[in-house]
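Structure, as structure tokens:
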Amino acid sequence: MKKIIAIDGPAGAGKSTVSKICAARLNYTYIDTGAMYRAVALKVLQSGKNLDENLINDIEIRLDAAGKVFLDGREVTKEIRTPQVSRGASDVAKFGFVRKKLTELQRDMAKSSSVIMDGRDIGTQVLPNADLKIFLTASVDERAKRRFEELKAKNLAADFAKIKTEIILRDKQDSEREIAPLAMADDAILIDSTNLSVEEVVAEILRLAQ
Ligand code: DC
């Protein structure tokens, strides 16, 4: 039977890492909705145009099974991970017409197979009838530390204080926006991963999925 798992939470809580692993173990499709908001932000940044409905109406966003992201037919998997696009994604996510378009696409993507979808409003708005809803969080320091270590491991420049400030700002903007803010659904299960390993979080979600 087709099943839906919704995983919401703030920036850097490890949603995509654990969602990917759980999806592989359960043989579900993983849908990263943050990547879709990032793709919209990239389109705005690269077009040099103002964000309006024309820019969004004919947008084509595709996530393939290997986790690659395509914007209007072009692969943008790496380009959407810059700090500039992170900020831009949180900015475009405030607009009702953007959310409406992406929510429609996301619901469509969840129609044909079992999915794990991660984001900010999946359990509250996109798929309120999900079979299992998780709200995954961790302390700001822990989230900033993970991001810092991720960048270091890739030999990329990393400034802990800057990363922490960016995370705080993005959480604030995502939680305080008027439409579909970051929120825990009433029937979601809270997992605080501050002191948990990836494998421990995965094990808990798989246990709950059963
Ligand atoms: O999960 P992420 O960091 O890749 O998401 C980037 C931004 O996109 C996030 O700061 C807010 C927005 N977003 C959203 O508003 N709703 C979602 N379901 C997913 C992401």
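Atoms within a ligand are numbered from 1 in the order they appear, just like the ligands themselves. We use all heavy atoms of the structure for the numbers below, so side chains are in, but hydrogens, waters and symmetry mates are not. Throughout, residue positions are numbered sequentially from 1 according to the sequence presented.
Within the structure, the closest approach of Gln106 to ligand 1 does not fall below 4.0 Å when heavy atoms are considered. For Met36, the heavy-atom gap to ligand 1 stays at 4.0 angstrom or more.
Distance from atom 16 (N) of ligand 1 to its nearest protein heavy atom, with residue and atom name: Arg99 NH2, 3.0 Å. Considering only non-hydrogen protein atoms, atom 10 (O) of ligand 1 sits nearest to Asp174 OD2, 2.7 Å. Remark: minimum distance from atom 19 (C) of ligand 1 to any protein heavy atom is reached at Thr33 OG1, 3.3 Å. Tyr37 CB, 3.4 Å is the protein heavy atom nearest to atom 8 (O) of ligand 1. Scanning the protein for heavy atoms near atom 2 (P) of ligand 1, the closest one is Arg120 NH2, 3.6 Å.
A donor-acceptor contact closer than 3.5 angstrom is absent between the side chains of Glu142 and Asn195. A side-chain donor from one of Ser90 and Asp174 sits under 3.5 Å from a side-chain acceptor of the other.
Using a 4.0 Å cut-off between heavy atoms, Arg170 contacts ligand 1 through its side chain alone, with no backbone atom that close. Within the 4.0 Å heavy-atom criterion, the part of Arg38 lying near ligand 1 is the side chain and not the backbone. Only the side chain of Arg177 comes within contact range of ligand 1, with a heavy atom under 4.0 Å; no backbone atom does.
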Checklist entry - Is there a side chain to side chain contact (heavy atoms under 4.5 Å, CB included) between Ile191 and Ile205 once you walk through the steps? => result CA-CA 9 Å; Ile191 300 180; Ile205 295 173; 3.8 Å; yes
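By the 4.5 Å heavy-atom criterion applied to side chains, Thr33 and Leu102 are not counted as neighbours. Residues Asp141 and Phe160 are in side-chain contact: their nearest non-hydrogen atoms beyond the backbone lie under 4.5 Å apart. You'll find the side chain of Ile59 reaches within 4.5 Å of the side chain of Lys101, heavy atoms only. In this structure the side chain of Pro10 reaches within 4.5 angstrom of the side chain of Leu182, judged on heavy atoms.
Listed by number with element, the atoms of ligand 1 under 4.0 Å from a non-hydrogen atom of Ala89 are 6 (C), 7 (C), 8 (O). Less than 4.0 angstrom separates some heavy atom of Asp121 from each of these atoms of ligand 1: 16 (N), 17 (C), 18 (N). The atoms of ligand 1 that sit less than 4.0 Å from any heavy atom of Ala93 are 12 (C), 15 (O).
When each of Arg120, Arg143, Lys164 is tested with Asp171 by the rule salt bridge (Lys or Arg N to Asp or Glu O under 4.0 Å), just one qualifies, namely Arg143.
Ion pairing between a basic and an acidic side chain is recognised when a charged N comes within 4.0 Å of a carboxylate O; Asp32 and Arg62 show no such pairing.
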